*Asks:* 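To start, I am sharing the structure in question, which I have written as structure tokens.
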Amino acid sequence: LTVVVDDHLLLSLLAGTAPDLTAHEAASGTIYTTGCWYYRLAKAAARTGRGSLSQRITELSPTDQVQVRSTLEGLPAGIGLLGWRTVVPIMAALRVPQALNLLNAEAIAVALLTSAELMVSVDSPLLRASAAEVGVGYLVVT
Amino acid sequence: LKVAGVPGGTLLHVSTGVRLDPTLADVVQRARLRAAEAGELVGSAGTEFVSPLSPAARHAIAEWIVSGGYDSAVAAVVTDDPDLAHQ
């Protein structure tokens with residue numbers, strides 16, 4: 001199975017704490033994410049202050065700190081990520097009943113291109129409905 | 001729409017019989033060719049993904065998730081940028 005995972009599941013894969021279904025696909029299938037989900041993860045990780053990731057990793061060794069930053073700055077090769085040159089034409093050609101924001105349009109487009117199912121941590125009724133509209137499988141894992 | 005509970009998640013599996021709009025299908029097919037030519041497609045199934053992080057680094061991230069730190073950070077991000085929000 002090929003799946004497109006959201007930012008939360010992507011982060012849990014990196015942490016080795018992904019839900020069973022996601023971990024199973026990582027072990028036996030093909031994993032993609034989207035630019036927007038990756039962007040959201042990177043922006044969240046770049047925040048500073050109390051409770052931030054940057055605060056937590058200061059407790060790690062310098063080597064581990066570099067490893068965390070480099071992993072977030074360049075996703076592991078096993079995670080597929082398609083460029084805008086490829087994805088935008090599909091996003092532009094989507095015709096669904098309700099307008100999608102950038103995040104959801106890209107998710108649908110990447111799933112269509114890769115013949116994947118969407119695997120998300122939070123149910124989004126609009127994304128779910130739009131996925132159904134174009135025949136993309138949709139799976140919520142917790 | 002078929003709805004089924006599966007261990008660890010909820011499968012909301014759509015019909016596979018949906019026929020794409022022909023224009024969209026053509027765009028998707030051309031994009032697939034471009035992605036393949038650009039080497040953007042990851043390897044075939046069977047290549048197990050393994051986190052490149054050390055156990056200590058994985059633990060730090062896991063703690064960040066469990067503590068709610070990630071969700072809080074995402075909430076702040078989407079407040080500033082609705083295009084990154086769940087709809």
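Here is how names work: the chains are called A, B, and so on, in the same order as the sequence lines, proteins then strands, and each is numbered from 1. What you see is a predicted model; the values in this text were computed from it and never measured.
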*Asks:* Is the side chain of A:D64 donor-acceptor paired with the backbone N or O of B:A56 at a distance under 3.5 Å, no angle test?
*Replies:* no
*Asks:* Taking side chain as everything from C-beta outward and backbone as N, CA, C, O, which of these in A:L118 sits under 4.5 Å from a heavy atom of chain B? Side chain, backbone, both or neither.
*Replies:* neither
*Asks:* In terms of heavy-atom proximity below 4.5 Å to chain B, should A:A109 be classed as side chain, backbone, both, or neither?
*Replies:* neither
*Asks:* Sequence neighbours excluded, which residues qualify as salt bridge (Lys or Arg N to Asp or Glu O under 4.0 Å) partners of A:D6?
*Replies:* none
*Asks:* Without swapping roles, check the side chain of B:Q87 against the backbone of A:P125 for a donor-acceptor pair under 3.5 Å.
*Replies:* no
*Asks:* So for A:A129, is it side chain, backbone, both, or neither that comes closer than 4.5 Å to the heavy atoms of chain B?
*Replies:* neither
*Asks:* Between A:R85 and chain B, with a heavy-atom cut-off of 4.5 Å, which part of the residue counts as in contact: side chain, backbone, both or neither?
*Replies:* backbone
*Asks:* Considering only heavy atoms and a distance below 4.5 Å, find which of A:P76, A:A105, A:S70, A:G78 pairs most often with chain B.
*Replies:* A:P76
*Asks:* Counting only heavy atoms closer than 4.5 Å, note whether A:S115 contacts chain B via side chain, backbone, both or neither.
*Replies:* both
*Asks:* Using modelled atom types only, decide if a donor and an acceptor are shared between the side chain of A:W37 and the backbone of B:L84 within a distance under 3.5 Å.
*Replies:* no
*Asks:* Hey, is the main chain of A:L53 close enough, under 3.5 Å, to the side chain of B:Y70 for a donor-acceptor pair?
*Replies:* no
*Asks:* Under 3.5 Å, side chain of B:D83 to main-chain N/O of A:L102, donor-acceptor pair present?
*Replies:* yes
*Asks:* For the pair B:R32 (side chain) and A:L113 (backbone), establish whether a donor and an acceptor sit closer than 3.5 Å, ignoring hydrogens and angles.
*Replies:* yes
*Asks:* Return yes if some donor-acceptor pair links the side-chain N/O of A:Q67 with the main-chain N/O of B:S54 below 3.5 Å, else return no.
*Replies:* yes
